[in-house]
2 protein chains.
Amino acid sequence: MIQHTNTSRRLDLTFAALSDPTRRAILARLARGEKTVSELAAPFNVTMPAITKHLKVMERAGLVERGQTAQWRPCRLKPKPLGEAVDWIDRYREIWETNFARLDTLLEELQAPAQNAAARSRKKAKGKVRKKQKGGGS
Amino acid sequence: MIQHTNTSRRLDLTFAALSDPTRRAILARLARGEKTVSELAAPFNVTMPAITKHLKVMERAGLVERGQTAQWRPCRLKPKPLGEAVDWIDRYREIWETNFARLDTLLEELQAPAQNAAARSRKKAKGKVRKKQKGGGS
DNA sequence: TTCGTATTTTACCATATGGTTAAATACAAA
DNA sequence: TTTGTATTTAACCATATGGTAAAATACGAA
């Protein structure tokens, strides 16, 4: 029946919010600063209620926060869920890439003399992971 | 009408695939190595067809690849879409955090003597961003 | 108070999603 | 060829999603 902890539920909402191109575009524009609903709606070819709905989805995910000044309800981006999403992905990417590195090593061992294979594999296992990320792995 | 480029469509599918807890759990287990469908189904309280469907969603997103040995169709994780998803998020998180840093500076300027404000803001703008990530920015 | 503007709410519609059971398919082994 | 095991397909159901048009709400300004 799956865990479905609070964190898990939040990830559901965050990833779901990110799975729509209109919402991602809204987010991208929101990243540059606070915007009103009509400002957000302008570039898209959908009606206002559609945007309102999208904003609700993002609000539910904790990705946007809204203000109120007169009849305007400006939106601003809350990046925390984005961080949690990245953290989740990175955890498993890391494991996967470790496995990949291990497979690498294994394949190498299969075609190398057996005596120094263990030593070499211990050596190689560092620095292989997190190729793509900006920093060195932790 | 939104762009809806190929990359955008891929992100749709990837984020949608990640938005379900069962699928995330499958992914997590797949990260530790190849598994057959029944192996994957075992820990969950759902029927096999449900798992088959989940796997199709993940396949469509390019997150899993399947083999075939006799009547088994083992699944293995393909991490590339995960990388693309993280890249997308990181791009906008970075912009947002830059804005945040700028706002910080702005607020500071508002309560500081005007003559050295500009100089101070230029100084502070570095290193503020990417708090959470392992490496240094850019 | 009345008008105009910004936004949300209320039906409503079509399609997608996540699940089920039962039947079909694919293959190995007896 | 029959049997057993792994997996998918088909048909169905309930609910969610993304969209609409039209009405309701909230507020500032005249």
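Computation of the quantities below employed the complete heavy-atom set of this structure, encompassing side-chain atoms and omitting hydrogens, waters and symmetry-equivalent molecules. Computed from a predicted model, the values in this text were never measured in an experiment. Lettering of chains follows the sequences in order, A, B, ..., and the numbering in each one begins at 1.
- As judged by a 4.0 angstrom heavy-atom cut-off over every strand, A:Glu39 is placed among residues making no nucleic acid contact.
- A:Arg66 has its CZ atom 15 Å from the P atom of D:dA26, to the nearest Å.
- Spacing between atom CG of B:Asn45 and atom C1' of C:dG19 amounts to 12 Å, rounded to whole angstrom units.
- Rounding to whole angstrom units, CD of residue B:Gln71 and C1' of C:dC27 are separated by 5 Å.
- When the P atom of C:dG19 is taken as reference, atom CZ of B:Phe44 falls 10 Å away, rounded to whole Å.
- In terms of hydrophobic clustering, with Ile, Leu, Val, Met, Phe, Trp and Tyr side chains grouped at heavy-atom distances under 4.5 Å, B:Ile89 and A:Val57 are assigned to different clusters.
- Contact check on A:Arg9 versus A:Asp12 returns no salt bridge, with no Lys/Arg side-chain nitrogen under 4.0 Å from an Asp/Glu carboxylate oxygen.
- Listed by first and then second residue, the salt bridge (charged side-chain N to carboxylate O under 4.0 Å, His left out) pairs involving residues 57-74 of chain B are B:Glu65-B:Arg76, B:Glu65-B:Lys78 (not counting sequence neighbours).
- Here C:dG18 presents its P atom at 12 Å from CD1 of B:Ile51, a figure rounded to the nearest Å.
- Among the heavy atoms of the strands lying under 4.0 Å from B:Ala50 is at least one base atom, whether or not backbone atoms are also near.
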Polar-atom pairs under 3.5 Å, protein N or O versus N or O of nucleotides 9-17 of chain D: list them with distances, or write none.
residue, atom, partner, partner atom, Å
D:dT9, OP2, B:Lys56, NZ, 2.3

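- B:Val46 and B:Val37 end up in the same hydrophobic cluster when Ile, Leu, Val, Met, Phe, Trp and Tyr side chains are linked at under 4.5 Å.
- Side chain of B:Val37, nearest nucleotide from D:dT8, C:dT20, D:dA26: D:dT8.
- There is no side-chain donor-acceptor pair under 3.5 Å between B:Arg10 and B:Thr5.
- Atom-to-atom, CD of A:Glu59 to C1' of C:dT8 comes out at 12 Å; the value is rounded to the nearest Å.
- Both A:Ala70 and B:Leu55 sit near DNA chain D, but only B:Leu55 has its closest nucleotide nearer the 5' end.
- Of the side-chain N and O atoms in B:Gln68, one or more sit less than 4.0 angstrom from OP1 or OP2 of C:dC27.
- Listed by first then second residue, pairs satisfying salt bridge (charged side-chain N to carboxylate O under 4.0 Å, His left out) with a partner in residues 38-57 of chain B number zero, not counting sequence neighbours.
- One hydrophobic cluster, built from ILVMFWY side chains closer than 4.5 Å, cannot hold both A:Leu55 and A:Trp72; they sit in different ones.
- One can place CE of B:Met48 at 15 Å from C1' of C:dG19, the figure rounded to the nearest angstrom.
- One interatomic measurement links the two molecules: CD of B:Glu34 to P of D:dA6, which rounds to 16 Å at whole-angstrom precision.
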